[in-house]
Number of protein chains: 2
Amino acid sequence: MWAPVCQAVVLLLGPYAEVVLHDPRTDRVLGIWNPMTARQHGDPSLLGELDALDQAKQDVYGPYLKVLADGRRLSSVSAVLRDPGGEPSAVLCINLDRTPLEEAAAVLAGFAAPTVQRPEPLFEQDWVDRVQHTVGSYVRESGRRVERFGREDRLAVVGRLDEAGVFAVRRATPVVAAALKVSRSTVYALLAEHRDRRTSP
Amino acid sequence: MWAPVCQAVVLLLGPYAEVVLHDPRTDRVLGIWNPMTARQHGDPSLLGELDALDQAKQDVYGPYLKVLADGRRLSSVSAVLRDPGGEPSAVLCINLDRTPLEEAAAVLAGFAAPTVQRPEPLFEQDWVDRVQHTVGSYVRESGRRVERFGREDRLAVVGRLDEAGVFAVRRATPVVAAALKVSRSTVYALLAEHRDRRTSP
DNA sequence: CCATGTTCGGACTGTACGTCCAGATCGGAC
DNA sequence: GTCCGATCTGGACGTACAGTCCGAACATGG
């Protein structure tokens with residue numbers, strides 16, 4: 001029943017994702033696509049994941065970190081799949097090997113951060129990274145890329161940055177504008193609206 | 001004479017690199033390839049880079065960080081080019097826009113980061129307290145009260161604050177001046193001297 | 001008393017901050 | 001497609017602030 005979903009996900013995420021379908025009643029593996037470990041159909045699931053899912057009220061859980069024996073680091077999500085009657089019929093787990101992504105990120109970071117002198121920073125000058133990171137987090141949360149942000153998205157990000165005190169540091173506004181792919185004017189407009197909403201909702 | 005080198009570099013680094021050739025005698029731009037700012041041939045170089053190169057014994061300098069007015073961040077290297085007689089005939093500067101690299105790195109890092117939680121490390125709002133604290137610590141170390149500070153004492157404190165990045169935040173200078181019981185002018189003077197000593201002890 | 005070194009106050013310049021607005025652009029509704 | 005409202009843009013503008021400069025005041029020590 002759920003097999004096409006699993007196949008589709010594996011097709012999309014290439015060789016770096018493993019999809020496992022568990023039977024919550026027998027606690028065994030129903031099926032596995034692109035296995036990264038030796039597990040196969042019929043093996044016990046031996047997953048604390050299921051317990052965690054039981055306790056939580058939500059059916060979708062993660063992403064959380066898992067580390068394989070060989071050191072590979074996985075980002076994992078789980079979901080309870082229910083039949084039309086509302087009863088759990090399967091548990092879906094997607095495990096994405098993030099090692100190659102981390103390596104690629106390290107390569108790019110090497111290009112991007114080559115300052116030859118690092119004599120100082122007691123307290124971080126890296127508020128720029130912080131801006132980048134805040135935007136990145138929101139992208140991940142919302143599932144939208146910066147280019148596809150709507151007004152509310154930008155407002156939310158600017159709000160977080162403001163509460164983080166970023167705009168108190170000099171020359172911060174152009175940096176934020178660049179990170180949001182937006183003009184300086186727009187940042188000021190969003191900032192004004194955000195502060196306005198705070199005081200008079 | 002050096003033009004082919006510049007063209008080659010620009011060709012290699014695509015649209016993200018700017019190459020500028022300066023005349024160290026007249027302090028003007030000799031040529032510019034793929035300009036990222038409005039500078040053009042004949043404009044004054046207005047670069048502290050040249051001074052830095054004079055003082056250093058080396059001919060190649062960097063990479064160091066430069067931030068453009070629009071928020072783009074550049075990795076820059078400079079090199080003194082000499083004629084066969086050993087006299088400086090030009091200064092070469094290569095500026096690489098690292099923004100796209102940082103964005104790509106952020107995207108990958110976003111994939112690789114598994115945590116779903118939102119608690120961002122909040123930016124320090126209490127930099128004012130930090131200033132007070134820094135001054136207070138020095139008072140305790142030296143055994144002198146602020147009013148009895150000598151020039152070297154103030155210099156030391158300003159140095160620490162500068163390295164802590166305090167002067168990057170807006171309206172910080174008056175606060176520091178007040179904490180040191182000193183005029184704004186003096187803070188700037190001390191700051192200038194401290195930064196001067198850093199580069200040429 | 002002078003000499004030297006430091007700070008002060010204030011005037012001054014340039015840069016960056018923040019505002020504003022007319023025109024471009026986008027996203028839907030029809 | 002065409003229209004319209006919402007939103008973003010780029011530039012111009014006024015202002016506030018960062019930083020510089022200098023003559024006068026004020027310490028120190030001889």
Side-chain angles (χ1 to χ4, degrees), chain A residues 125 127-128 131 135 138 142 144-159 161-162 165-199, chain B residues 36-39 43-48 51 66-74 127-128 131 135 138 142 144-159 161-162 164-199:
Chain A
Q125 202 84 355
W127 57 272
V128 183
V131 171
V135 175
Y138 192 92
S142 67
R144 280 182 288 279
R145 296 185 295 140
V146 194
E147 293 83 358
R148 298 259 186 258
F149 272 14
R151 183 175 180 75
E152 288 304 318
D153 296 319
R154 299 192 238 266
L155 249 171
V157 174
V158 167
L161 291 174
D162 189 26
V166 167
F167 294 101
V169 14
R170 310 181 53 209
R171 293 179 202 93
T173 317
V175 174
V176 173
L180 274 177
K181 300 271 179 64
V182 150
S183 81
R184 209 169 55 94
S185 315
T186 306
V187 173
Y188 283 117
L190 296 168
L191 191 52
E193 176 157 353
H194 168 254
R195 288 176 174 167
D196 212 47
R197 287 193 190 175
R198 293 239 107 198
T199 56
Chain B
M36 308 179 70
T37 64
R39 289 189 295 180
D43 285 356
S45 297
L46 39 86
L47 295 178
D51 303 336
K66 226 187 307 189
V67 182
L68 254 44
D70 60 5
R72 279 181 298 177
R73 306 174 70 204
L74 310 178
W127 58 272
V128 183
V131 171
V135 175
Y138 193 91
S142 65
R144 281 181 290 275
R145 297 188 302 137
V146 197
E147 293 82 359
R148 298 263 183 253
F149 272 13
R151 184 174 179 77
E152 288 304 318
D153 296 320
R154 299 192 238 266
L155 208 51
V157 174
V158 167
L161 291 173
D162 189 26
V166 167
F167 293 100
V169 9
R170 313 183 54 206
R171 291 177 211 101
T173 317
V175 174
V176 173
L180 275 177
K181 302 274 178 61
V182 151
S183 82
R184 214 169 52 93
S185 315
T186 305
V187 174
Y188 282 117
L190 296 168
L191 191 52
E193 176 156 354
H194 167 254
R195 286 177 174 167
D196 211 50
R197 288 193 189 173
R198 293 225 78 155
T199 55

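All values below come from the heavy atoms of this structure, side chains included, with hydrogens, waters and symmetry mates left out.
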Its contact letters, B for base, S for sugar-phosphate only and - for none at protein heavy atoms under 4.0 Å, make nucleotides 13-23 of chain C read ---SSBBB---

Rounded to whole Å, the CG-P distance (B:Leu180 to C:dT6) equals 16 Å

Taken to the nearest whole Å, CD/A:Glu147 to P/C:dG27 is 12 Å

- [ ] Determine yes or no for a side-chain-to-main-chain donor-acceptor pair under 3.5 angstrom, with B:Arg73 supplying the side chain and A:Val128 the backbone.
- [x] no

Scanning both residues in full, the closest heavy-atom pair of B:Leu161 with B:Val131 reads CD2-CA, 4.1 Å

Within the 4.5 Å heavy-atom criterion, are A:Leu190 and A:Arg151 side-chain neighbours or not?
yes

Residues pairing under salt bridge (charged side-chain N to carboxylate O under 4.0 Å, His left out) where one sits in residues 166-179 of chain B, two or more places apart or in two chains, turn out to be none

Less than 4.5 Å apart, any side-chain heavy atom of A:Asp162 and any of A:Arg198? no

Checklist line | Salt-bridge present (B:Arg144, B:Glu152; N to O < 4.0 Å) | finding: no

Contact check, side chains of B:Thr186 and B:Leu180, non-hydrogen atoms, under 4.5 Å
no

query = Is the distance from OP1 or OP2 of C:dG9 to the nearest side-chain N or O of B:Ser183 less than 4.0 Å?
reply = no

B:Glu193 CD to C:dT6 C1', in whole Å, measures 11 Å

Per the under-4.0 Å heavy-atom filter, residues of residues 149-156 of chain A near DNA chain D come out as A:Arg151, A:Arg154

query = Should A:Val175 and A:Trp127 count as side-chain neighbours, where that means a heavy-atom distance under 4.5 Å?
reply = yes

